[in-house]
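Let me begin by presenting the structure, written as structure tokens, before commenting on it.
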There are 2 protein chains.
Amino acid sequence: MTHRTVGHPSGPPAGPPGHHPANGPSGPPGLPDDPLAQVTAPASDCPVEITLAALHGRWTTLVVREMLRGERSYSELRDALPALSDKVLSDRLSHLVTAGVVERDRRPGWPARVHYRLTSHGHRLGPVLQALWDWGAQAGED
Amino acid sequence: MTHRTVGHPSGPPAGPPGHHPANGPSGPPGLPDDPLAQVTAPASDCPVEITLAALHGRWTTLVVREMLRGERSYSELRDALPALSDKVLSDRLSHLVTAGVVERDRRPGWPARVHYRLTSHGHRLGPVLQALWDWGAQAGED
DNA sequence: CTGAATCCCTGCCGATACTG
DNA sequence: CAGTATCGGCAGGGATTCAG
């Protein structure tokens, strides 16, 4: 994340994981309730951690944003983000593939061509990035 | 970031910053449009980066979640998150104060007592964490 | 009680060079 | 074209200790 590292923990003893936004018994609809909100340490199976882990790392959100606009080849991503090194780009892509956000489409022939596109799961990151944007854009207000 | 570090960049040459979700000219309402979406490097003034920076660091979201449930003293936070060291807890708190998410309430007397509560801006992180939760909870679906 | 200071270890990420 | 291999610098964060 940038740093940070929103990385995974060494693993708590056990028990039900959790960690969630905050909503009482009468919170928003469709949400798991309090049981999961009682976690006392970062758990890699907490939904919030899962998402942050998927977006983890510098450049990651920019790569995702680029693909939200459509399928991209490796070199197109490279061109769109000139300051991003090969190492980090391929790191990010394989990480996103592992996270189920992105699909590889390796096409036969020469020269080699590989296209990347978001999975349907990946597309649903749109609203997440939107929420992140919205909050950040409010910075000065109030 | 996790571990990653969603940290700040070394600073691109200049020019208009940006980086946003993804929405064409006919995207969702209330959103800034393409100009800001053309950034080619992580910019610390991009709304998405701002939010990720605010939530940056291990334990940060748990600390915020704890305070979404109400005002807390230092030791209450400590007790709620036993595995969190003093150093990191105070790091997180001062970081959140700087980010405008949390307010300190230092009460006179002895022993010293300090209460922390979310600012109104901080309260608005609720929907953000909600979005993060929602996506992460969908992991297996499809 | 509420922190700040220090130490050390680990993992990120940038640059460069090289392979299929 | 699309990556992997390697190396080095630096920041994150855990434990411990000390201070207001």
Side-chain angles (χ1 to χ4, degrees), chain A residues 1-12 40-42 44 52-53 55-63 71-98 102-116, chain B residues 1-12 40-42 44 52-53 55-63 71-98 102-116:
Chain A
M1 102 168 256
T2 304
H3 41 91
R4 119 208 68 349
T5 301
V6 185
H8 32 200
S10 27
T40 60
S44 53
L52 289 177
L55 295 178
H56 178 241
R58 195 141 115 94
W59 296 96
T60 306
T61 56
L62 286 171
V63 172
E71 183 176 322
R72 293 285 187 275
S73 69
Y74 185 88
S75 51
E76 284 171 339
L77 290 170
R78 200 194 221 293
D79 293 346
L81 306 169
L84 177 53
S85 73
D86 274 342
K87 183 207 179 227
V88 176
L89 176 54
S90 56
D91 280 357
R92 292 299 171 264
L93 288 170
S94 56
H95 174 237
L96 288 170
V97 168
T98 299
V102 166
E103 275 177 348
R104 259 197 180 89
D105 179 14
R106 187 179 299 269
R107 305 186 178 184
W110 190 266
R113 273 264 155 187
V114 181
H115 278 244
Y116 292 90
Chain B
M1 237 189 78
T2 165
H3 346 329
R4 145 232 197 166
T5 302
V6 183
H8 32 202
S10 26
T40 61
S44 53
L52 289 176
L55 295 178
H56 178 240
R58 195 142 113 94
W59 294 97
T60 306
T61 56
L62 286 170
V63 172
E71 183 176 320
R72 294 284 187 275
S73 70
Y74 185 88
S75 50
E76 284 171 338
L77 289 171
R78 200 194 220 293
D79 293 346
L81 306 169
L84 177 52
S85 74
D86 274 340
K87 181 209 182 232
V88 176
L89 176 54
S90 56
D91 279 357
R92 293 297 170 265
L93 288 170
S94 56
H95 174 238
L96 288 169
V97 168
T98 299
V102 166
E103 275 177 349
R104 261 197 178 87
D105 179 12
R106 187 179 300 270
R107 305 189 177 182
W110 190 266
R113 274 263 154 186
V114 180
H115 279 242
Y116 292 91

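To find a chain, count down the sequence lines: A is the first, B the second, and so on, and within it residues start at 1. Values below: all heavy atoms of this structure, side chains included; hydrogens, waters and symmetry mates excluded. Because the structure is predicted, anything quoted here is derived from the model rather than measured.
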Is the backbone of A/R58 close enough, under 3.5 Å, to the side chain of A/R92 for a donor and an acceptor to pair up by distance?
yes
Starting at atom CG of A/D91, determine the distance to atom C1' of C/dG11, rounded to an integer number of angstrom.
12 Å
Whole-Å distance between D/dG12 P and B/W59 CH2?
18 Å
Nearest-nucleotide wise, let me know which of B/S90 and B/P111 is further upstream toward the 5' end of DNA chain C.
B/P111
Taking only N and O in the side chain of A/R78, is any of them less than 4.0 Å away from OP1 or OP2 of D/dG3?
no
Phosphate-side-chain proximity, A/R92 and C/dG14, N/O vs OP1/OP2 below 4.0 Å
no
Could you check how far NE2 of A/H95 sits from C1' of C/dG11, rounded to whole Å?
14 Å
To the nearest angstrom, how far is A/D86 atom CG from C/dC13 atom P?
16 Å
Mapping B/K87 and B/S73 onto DNA chain C by nearest heavy atom, which one lands closer to the 5' end?
B/S73
Check this one for me: any side-chain N or O of B/Y116 less than 4.0 Å away from OP1 or OP2 of C/dG3?
yes
Distance check, rounded to the nearest 0.5 Å: A/E71 atom CD versus A/L77 atom CG?
10.5 Å
Check whether any side-chain nitrogen or oxygen of A/R106 sits under 4.0 Å from OP1 or OP2 of D/dG3, and answer yes or no.
yes
Closest nucleotide among D/dA2, C/dA15, C/dT2 to the A/Y74 side chain
D/dA2
Figure out the CZ/C1' separation between B/R72 and C/dC1, and round it to whole Å.
18 Å
Nearest-Å distance, CG (B/D105) to P (C/dT2)?
12 Å
Report yes if some heavy atom in the side chain of B/Y116 is under 4.5 Å from a heavy atom in the side chain of B/R104; otherwise report no.
yes
